[in-house]
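Taking it in order: structure first as structure tokens, then the write-up.
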Amino acid sequence: MVLKSLSDLKNIVAGQPRKKLVLAAAQDQHSLGAVVRAWQDNVIEPILIGDKEGIQNICAENNYNISGLRIVHEPNVEMAVEMSVRMVNNNEGDVLMKGKVGTSTLLKCILNKEWGLRTGNLLSHFALFEVETYHKVIAVTDVAMNIAPNLKEKIAIINNSVSCLIRLGYTMPKVAVLGAVEMVNENMEATLHAALLSKMNQRDQIRNCIIDGPLAFDNAVSIESARYKGIRSEVAGDTDLLLMPDIEVGNVLYKSLVFFARAKVASLILGARVPIVLTSRSDSEQAKYDSILLSAAASK
Ligand code: COD
């Protein structure tokens, strides 16, 4: 099974029990809009932590009906985030979501050694895109958390993403490790990592997926381009997951897909005790809603 569109996520969560979602610093219009919609669709049971008056004003102005929803009043943003993370740590939530708070504030709380959501695994960001010019949904990692992952970290990032794809119903997702070129160049570290990751996959040191690389972006997503360059690969042109060399390449690709290609996106932080919805402020309400669906589909 592969996802053809982000709306397929709805079929995965249909009939599952509602997941408890804790919205940290909930006084944010797009986040509240997405959460209320997912609540009305029976996907989640939200708990809103933040400035109660701010939350109620936003909901009143936008006609979001929140009667019956649990709101915990904590006007201080840092305290609201800490309280949210502690609740999830205490098994009171299945999913954590970022509201009106900076990304690094939330990430630092999640990484807190005493009351955060670490598991011993590397945490990594995972984004799923629906883009008209590709024949299925394509996942991209890591575009927002790990800045310049080394080889060991790239293995953990692949494992987090492959586990997530398998929970969504994939078997043996195809992973393209990106470089600027498809040949190994000893001066380009990304190509060296790619070759090692491919070999480790062939030797079953990285399992449950098919890895190939280095692949340049064109031959990762276009079979014509791969054929033209004479590349024989099971992954080329049919990639399910693109592994980025670093956060800059990843973040620029993410934003290019959204702003130039009008792609739809859903994203999560993986590797913590629960999936974390951490969309950026510029993401639409639809992206936040689709990310909530993804978190519900990915949570155990
Ligand atoms: N997974 C697990 N543990 C981690 C991770 C990770 N990905 N990153 C750091 N840790 C642990 C370290 O082992 C250490 O124990 C502790 O956390 C602190 O590590 P530092 O000092 O490297 O971490 P910080 O707090 O300075 O930075 C962690 C961030 C995630 C905030 C940092 O990596 C970062 O700023 N990433 C980019 C975030 C960003 O700006 N994204 C763009 C959004 S659009």
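When a ligand or atom number is given, it counts from 1 through the structure's own listing order. As a basis for the values below, the full set of heavy atoms in this structure was taken, side chains included, without hydrogen atoms, waters or symmetry mates. Just so it is clear, the structure is predicted and the values come from calculations on it, not from any experiment.
Within 6.0 Å of CD in Glu153 there are more than 12 heavy atoms belonging to other residues, nucleotides or ligands. Counting non-hydrogen atoms of neighbouring residues, nucleotides and ligands closer than 6.0 angstrom, the NZ atom of Lys264 exceeds 12 such neighbours. The local environment of CD in Gln40 is crowded, with over 12 non-hydrogen atoms from other residues, nucleotides or ligands closer than 6.0 Å.
At a distance under 4.0 Å, no protein heavy atom can be found next to atom 27 (O) of ligand 1. For atom 20 (P) of ligand 1, no protein heavy-atom neighbour is found at a distance under 4.0 Å. The nearest protein heavy atom to atom 1 (N) of ligand 1 is closer than 4.0 Å.
Side-chain contact between Asn208 and Leu165 is absent, with no heavy-atom pair separated by less than 4.5 Å.
Comparing Thr279, Thr103, Ile147 by heavy-atom distance to atom 34 (C) of ligand 1, the nearest is Ile147. Atom 38 (C) of ligand 1 has its nearest heavy-atom neighbour, among Ser267, Ser104, Ala144, in Ala144.
By the criterion of a heavy-atom distance under 4.0 Å, the side chain of Leu107, and not its backbone, is placed next to ligand 1. Contacts with ligand 1 closer than 4.0 Å are made by side-chain heavy atoms of Leu111 only, the backbone lying farther away. Using a 4.0 Å cut-off between heavy atoms, Arg118 contacts ligand 1 through its side chain alone, with no backbone atom that close.
Summary of contacts: the protein heavy atom closest to atom 44 (S) of ligand 1 is Asn251 ND2, 3.7 Å. When hydrogens are left out, the protein atom nearest atom 37 (C) of ligand 1 is Met145 O, 3.4 Å; that is the closest non-hydrogen contact.
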Under 3.5 Å, side-chain donor or acceptor atoms of residues 48-55 against the rest of the protein: list the pairs with distances, not counting sequence neighbours.
from, atom 1, to, atom 2, distance (Å)
Asp51, OD1, Glu53, N, 3.3
Asp51, OD1, Gly54, N, 3.4

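Although no hydrogens or angles enter the test, the distance criterion places a donor-acceptor pair under 3.5 Å between the side chain of Arg167 and the main chain of Ala298. The closest donor-acceptor contact from the side chain of Asn219 to the backbone of Leu215 lies at 3.5 Å or more, if one exists at all.
Below 3.5 Å of separation, one finds no N or O of Asn121 facing any N or O of ligand 1. The shortest N or O to N or O distance between Leu123 and ligand 1 is under 3.5 Å.
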